[in-house]
Asker: 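My questions all concern the structure below.
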There are 2 protein chains.
Amino acid sequence: MRALVIEDDPVSARLIETALRGDNIVVERVDNGEDGIELARLYDFDILLLDLTLPDMEGHEVLRRMRAARVRTPVLILSGRSQVDDKVRGLAGGADDYLTKPFNRAELLARIQAVVRRSKGHPESVIRTGKLTINIDAQSVEVDGQRVHVTGKEYNILELLSLRKGTTLTKEMFLDHLYGGRDEPELKIIDVFICKLRKKIATLTGGEHYIETIWGRGYVLKEPEGEAASRLEPETV
Amino acid sequence: MRALVIEDDPVSARLIETALRGDNIVVERVDNGEDGIELARLYDFDILLLDLTLPDMEGHEVLRRMRAARVRTPVLILSGRSQVDDKVRGLAGGADDYLTKPFNRAELLARIQAVVRRSKGHPESVIRTGKLTINIDAQSVEVDGQRVHVTGKEYNILELLSLRKGTTLTKEMFLDHLYGGRDEPELKIIDVFICKLRKKIATLTGGEHYIETIWGRGYVLKEPEGEAASRLEPETV
DNA sequence: TGGCGCCTTAAGACAGTATTAACAAATTAC
DNA sequence: GTAATTTGTTAATACTGTCTTAAGGCGCCA
């Protein structure tokens with residue numbers, strides 16, 4: 001997961017960054033609206049955390065201009081003020097959620113997860129693909145009802161695949177989201193992680209692993225055909 | 001797909017070329033307006049990417065002169081800064097879309113696809129021909145609702161046929177659009193790809209493949225006769 | 001019926017991908 | 001503080017899918 005924090009107060013910013021990094025989220029930060037709009041336009045973040053009081057322009061203005069520039073990334077507004085007015089204005093202006101400072105770490109993380117999930121079309125915090133289940137809240141993976149141990153990076157990759165189930169992700173996209181452009185390793189590492197994930201999944205499903213290779217392009221988490229139908233058949237009971 | 005980039009800055013040009021090539025687009029590039037007009041006049045590009053600041057003349061002037069020379073190729077303007085003024089002038093002068101630098105790779109590619117599609121008379125990103133469906137955005141192919149795996153080159157050929165549905169394409173045209181004159185293989189390769197495509201399509205339609213041979217000229221993607229009528233007949237149930 | 005173009009299959013070259021093992025770095029346990 | 005374990009990364013090698021060429025058979029047109 002990759003987030004952009006638009007916040008001028010260094011103390012707040014540091015707190016937020018620490019919280020997110022602790023949850024395996026790759027964080028970029030800018031301290032003004034102009035740079036925020038620019039970065040949001042250029043890169044594919046999963047979420048934008050937007051402070052309302054910025055040196056160069058008001059948060060609402062940042063949001064307005066981003067939406068005008070066709071930036072569709074979800075926005076979570078962080079505000080010091082707890083005024084209903086701001087909240088309404090924010091949500092009406094295209095924000096996806098609203099949090100007043102100070103906030104607690106767990107709530108911030110939960111809101112982020114929820115906003116990102118919903119923005120990708122997953123109302124539930126559990127994403128199922130055949131016998132594979134990913135629980136975004138718990139950051140856990142199950143296969144055929146049995147919990148599978150996956151490492152941090154392995155989980156990140158599987159989460160990315162799950163959130164964008166059905167769309168092909170290039171290796172470059174994985175790197176961007178997993179490392180945020182800093183100290184990026186070789187593209188090859190993605191193959192290795194995919195291989196490990198497949199092995200872990202396949203040993204419990206009896207062969208299926210749901211991660212399809214799109215030759216020359218990347219990987220997709222497959223929507224198993226006739227998913228609904230197979231669920232109607234007596235499987236586990 | 002074949003694009004002409006009219007851009008004098010080598011850094012920008014390289015970025016653009018890399019992005020397009022990664023998406024299987026054949027790219028030609030010139031670094032001034034005069035050459036741009038000449039090439040656009042002479043060859044059949046799917047799109048022109050036009051920088052506004054060129055050494056010999058302004059981008060708007062290039063556009064004006066191309067249109068005066070009856071070049072109908074769609075134009076996507078790339079400008080250094082987000083000046084509303086430029087935007088209005090560009091679109092008013094016959095440009096089809098507008099993007100400010102720097103831009104995000106995915107957005108550039110999406111805009112190109114959209115502009116090209118529309119210029120060929122397809123407002124939707126999905127092109128249907130009988131039971132055959134091509135999704136330009138996802139670069140995927142479906143037959144009778146079922147996804148068909150096609151390789152990169154196979155897809156490129158089918159996309160070309162779809163975008164120009166109803167018009168005959170010679171093998172030379174296929175080569176030009178698929179290879180852009182560089183390292184072109186034998187003409188015969190087109191036969192081979194067409195054959196493979198037909199087979200893949202026909203196995204799922206029960207015989208129809210929609211790709212017609214125009215003897216001595218080339219191939220067309222043809223709308224099956226009585227399309228509407230056959231749909232009214234009881235098919236599955 | 002001859003000639004040319006088209007259809008189809010097969011096979012090799014090549015490039016992208018899978019898999020494993022070994023090593024380095026970080027974390028945890030004691 | 002050191003050893004044990006886990007995690008992340010790279011390199012080597014085997015593998016697989018794709019592109020291309022070639023070759024034989026078939027069909028179209030004169």
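Proteins get letters first, then strands, A, B, ... in listed order; numbering begins at 1 in each.
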Asker: Expressed as a whole number of angstroms, how long is the span from A:Arg217:CZ to C:dT17:P?
Answerer: 11 Å

Asker: Judged by each residue's nearest nucleotide on DNA chain D, which is more toward the 5′ side, A:Pro185 or A:Trp215?
Answerer: A:Pro185

Asker: Tell me whether A:Arg105 at atom CZ has more than 12 heavy atoms from other residues, nucleotides or ligands lying less than 6.0 Å away.
Answerer: yes

Asker: When we call it a touch if two heavy atoms are under 4.0 Å apart, what does B:Lys188 touch: a base, just sugar-phosphate, or nothing?
Answerer: base

Asker: Among C:dC7, C:dG16, C:dA18, which is the nearest nucleotide to the side chain of B:Arg198?
Answerer: C:dC7

Asker: Mark yes when over 12 heavy atoms from residues, nucleotides or ligands other than B:Glu184 sit less than 6.0 Å from its CD; otherwise mark no.
Answerer: yes

Asker: Please report the distance, rounded to the nearest Å, between NZ in B:Lys153 and C1' in C:dG16.
Answerer: 14 Å

Asker: Going from CD on A:Gln139 to CG on A:Asp137, what distance comes out if it is rounded to the nearest 0.5 angstrom?
Answerer: 9.0 Å

Asker: Quick one: B:Ile201 CD1 to C:dC7 P, roughly how many Å, whole number?
Answerer: 13 Å

Asker: Between atom CD1 in A:Ile190 and atom P in C:dA18, what is the gap in whole Å?
Answerer: 12 Å

Asker: Taking the side chain of B:Cys195 as its heavy atoms from C-beta onward, which of C:dC7, C:dT17, C:dT20 lies nearest to it?
Answerer: C:dC7

Asker: Take the protein atom CD1 of B:Ile194 and the nucleotide atom C1' of C:dC6, then report the distance between them rounded to whole Å.
Answerer: 11 Å

Asker: Base, sugar-phosphate alone, or nothing: which one does A:Lys196 contact when heavy atoms must sit under 4.0 Å apart?
Answerer: base

Asker: Are OP1 or OP2 of C:dA18 and a side-chain N or O of A:Thr213 less than 4.0 angstrom apart?
Answerer: yes

Asker: Any ion pair linking B:Glu107 and A:Arg70 (charged N to carboxylate O, less than 4.0 Å)?
Answerer: no

Asker: Counting only side-chain N and O atoms of B:Tyr219, is one of them less than 4.0 Å from OP1 or OP2 of C:dG5?
Answerer: no

Asker: Provide, to the nearest angstrom, the distance between the CG atom belonging to B:Leu187 and the C1' atom belonging to C:dG5.
Answerer: 12 Å

Asker: Would you mind reading off the distance between A:Ile189 atom CD1 and C:dA22 atom P, rounded to a whole angstrom?
Answerer: 17 Å

Asker: May I ask you to decide whether B:Asp46 forms a salt bridge with B:Arg164, counting only side-chain N to carboxylate O separations under 4.0 Å?
Answerer: yes

Asker: Could you state the NZ-C1' distance from B:Lys200 to C:dT8, rounded to the nearest angstrom?
Answerer: 15 Å

Asker: Hydrogens and angles aside, do A:Gln113 and A:Asp23 bring a side-chain donor and acceptor to less than 3.5 Å of each other?
Answerer: yes

Asker: Where do B:Glu154 and B:Lys196 land on the salt bridge (charged side-chain N to carboxylate O under 4.0 Å, His left out) test, with the steps shown first?
Answerer: CA-CA 8 Å; B:Glu154 284 167 8; B:Lys196 287 180 174 172; 5.0 Å; no

Asker: Heavy atoms under 4.0 Å, any strand shown: does A:Glu186 hit a base, just sugar-phosphate, or nothing?
Answerer: sugar-phosphate

Asker: Compute both the distance and the angle, then confirm whether A:Lys153 meets the cation-pi test with A:Tyr179: under 6.0 Å from the six-membered ring centre, within 45 degrees of the axis.
Answerer: yes

Asker: Regarding B:Lys101 and B:Glu7, does a basic nitrogen lie under 4.0 Å from an acidic carboxylate oxygen?
Answerer: yes

Asker: Taking heavy atoms of chain A and a 4.0 Å limit, find me the 5'-most and 3'-most nucleotide of DNA chain D within that range.
Answerer: D:dT7 to D:dT18

Asker: When you look at B:Asp96 and B:Arg111, which way does the salt bridge (charged side-chain N to carboxylate O under 4.0 Å, His left out) test go after all the steps?
Answerer: CA-CA 10 Å; B:Asp96 297 80; B:Arg111 297 270 182 115; over 6 Å; no

Asker: Take the C1' atoms of the five end pairs on each side of the helix from C:dT1-D:dA30 to C:dC30-D:dG1, derive the two axes, and give their angle rounded to 10 degrees.
Answerer: 30°

